[in-house]
Amino acid sequence: MSLQGVHILVTAGPTHEPIDPVRVLANRSSGRQGFAIAKAAAQAGATVTLVAGPVSLETPQGVDRVDVETARQMSEAVTAALPAEAAILVAAVADWRVELSATKLKKSAGPPKLKFLPNPDILAELAQSPCRPRLLVGFAAETSDVVENAIAKQIGKGADWIVANDVSGPKETNVMGGERNRVHLVTGDGVEHWPEMSKQEVARRLVERIAREVR
Ligand code: CTP
């Protein structure tokens with residue numbers, strides 16, 4: 001199904017929250033799933049804005065990419081990209097930033113006492129925004145009670161759908177950073193358990209579902 005004339009907003013990758021001029025707080029998100037979704041949406045004819053955290057991935061053809069580092073920058077870039085018919089927020093946004101030290105923390109000063117400050121919840125804020133996309137899709141990275149936690153996020157954040165994935169397990173075989181994914185799609189109609197497949201295939205199927213919903 002064609003997405004010609006439809007604007008789709010995608011966030012992908014981790015955020016990096018600076019600690020001092022040389023150190024950051026990061027996570028293991030590779031950006032692959034979000035980039036695959038942006039690519040599949042562009043291939044389906046959509047106008048795609050991809051707001052990407054720090055990742056080393058090529059921009060998919062036909063996708064308008066905005067690079068950011070921090071959660072606050074990602075939030076601003078998302079707002080600037082609106083309006084959009086659908087938003088798929090795949091990014092692993094840091095829930096916390098650290099009170100920034102203007103100078104490098106020195107080892108000689110001993111283990112630093114970092115002060116954590118809350119970051120904006122981009123998905124929850126978008127759900128409340130007057131420019132809320134018609135279809136708002138979040139991702140849920142869980143290590144236990146995957147579906148239960150995803151349903152709680154759907155309700156708590158005001159998303160229409162949540163794509164839940166299990167990110168437990170050792171680094172070598174982890175979904176975060178890996179090529180494959182096994183997701184559970186939580187919609188208003190229930191939960192679909194998709195078999196394990198490549199991130200490209202997850203993206204293709206999800207974009208097909210999105211096209212049916214927004215057209
Ligand atoms: N998300 C967001 N802004 C944040 C945190 C998360 O937009 N500050 C979005 C993610 O892009 C994803 C969804 O919310 O679509 C769920 O992210 P996840 O990290 O699984 O959930 P958290 O809210 O961080 O909850 P927790 O870490 O406690 O599981």
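Read the numbers this way: they start at 1 and go in the same order the structure lists the ligands and their atoms.
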Nearest non-hydrogen atom to atom 29 (O) of ligand 1 belongs to which of K153, M74, Q154?
K153
Above 12 or not: heavy atoms from other molecules or residues under 6.0 Å from CZ of R65?
yes
Answer side chain, backbone, both or neither: which part of P120 comes under 4.0 Å from ligand 1, heavy atoms only.
backbone
Pairs of nitrogen or oxygen atoms closer than 3.5 Å, one from V93 and one from ligand 1: do any exist?
no
With F139, the side chain to side chain contact (heavy atoms under 4.5 Å, CB included) member among I37, L89, L123:
I37
Enumerated ligand 1 atoms positioned under 4.0 Å from heavy atoms of L89
11 (O), 12 (C), 15 (O)
Run the salt-bridge test on K153 and D121 with the 4.0 Å N-O cut-off and return the result as yes or no.
no
Can you find a protein heavy atom under 4.0 Å from atom 19 (O) of ligand 1?
no
Subset of ligand 1 atoms that lie under 4.0 Å from at least one heavy atom of A91:
10 (C), 11 (O)
Return yes when at least one protein heavy atom is under 4.0 Å from atom 3 (N) of ligand 1, and no when none is.
yes
T143, D95, L123: member with heavy atom nearest to atom 7 (O) of ligand 1
L123
Test: R134 and E85 ion pair at under 4.0 Å:
no
Would you mind checking if R32 and E179 are paired as a salt bridge, meaning a charged N to carboxylate O distance below 4.0 Å?
yes
Before signing off on this row, confirm whether F139 and ligand 1 have an N or O atom pair separated by under 3.5 Å.
yes
Do other residues, nucleotides or ligands put more than 12 heavy atoms under 6.0 Å from R215 CZ?
yes
With nothing but distance in play, are any N or O atoms of A92 less than 3.5 Å from an N or O of ligand 1?
no
For ligand 1, find out whether one of its N or O atoms is nearer than 3.5 Å to an N or O atom of V137.
no
Taking side chain to side chain contact (heavy atoms under 4.5 Å, CB included) as the criterion, tell me which of H184, R182, H193 meets it with V146.
H184
Using distance alone, decide if ligand 1 has a nitrogen or oxygen within less than 3.5 Å of any nitrogen or oxygen in N119.
no
Run the contact test for A71 against ligand 1 with a 4.0 Å cut-off on heavy atoms, strictly below, and give the result.
no
Backbone or side-chain N or O of G138 under 3.5 Å from ligand 1 N or O:
no
Salt bridge flag under 4.0 Å for residues R204 and E208:
yes
For the pair R209 and E192, find out whether any cationic side-chain nitrogen is under 4.0 Å from an anionic carboxylate oxygen.
yes
Lys/Arg-Asp/Glu bridge criterion (N-O < 4.0 Å) met for R205, E201
yes
Check contact between K157 and ligand 1, using heavy atoms of the residue and a distance below 4.0 angstrom.
yes
Near A140, which atoms of ligand 1 are under 4.0 Å from a heavy atom of that residue?
20 (O)
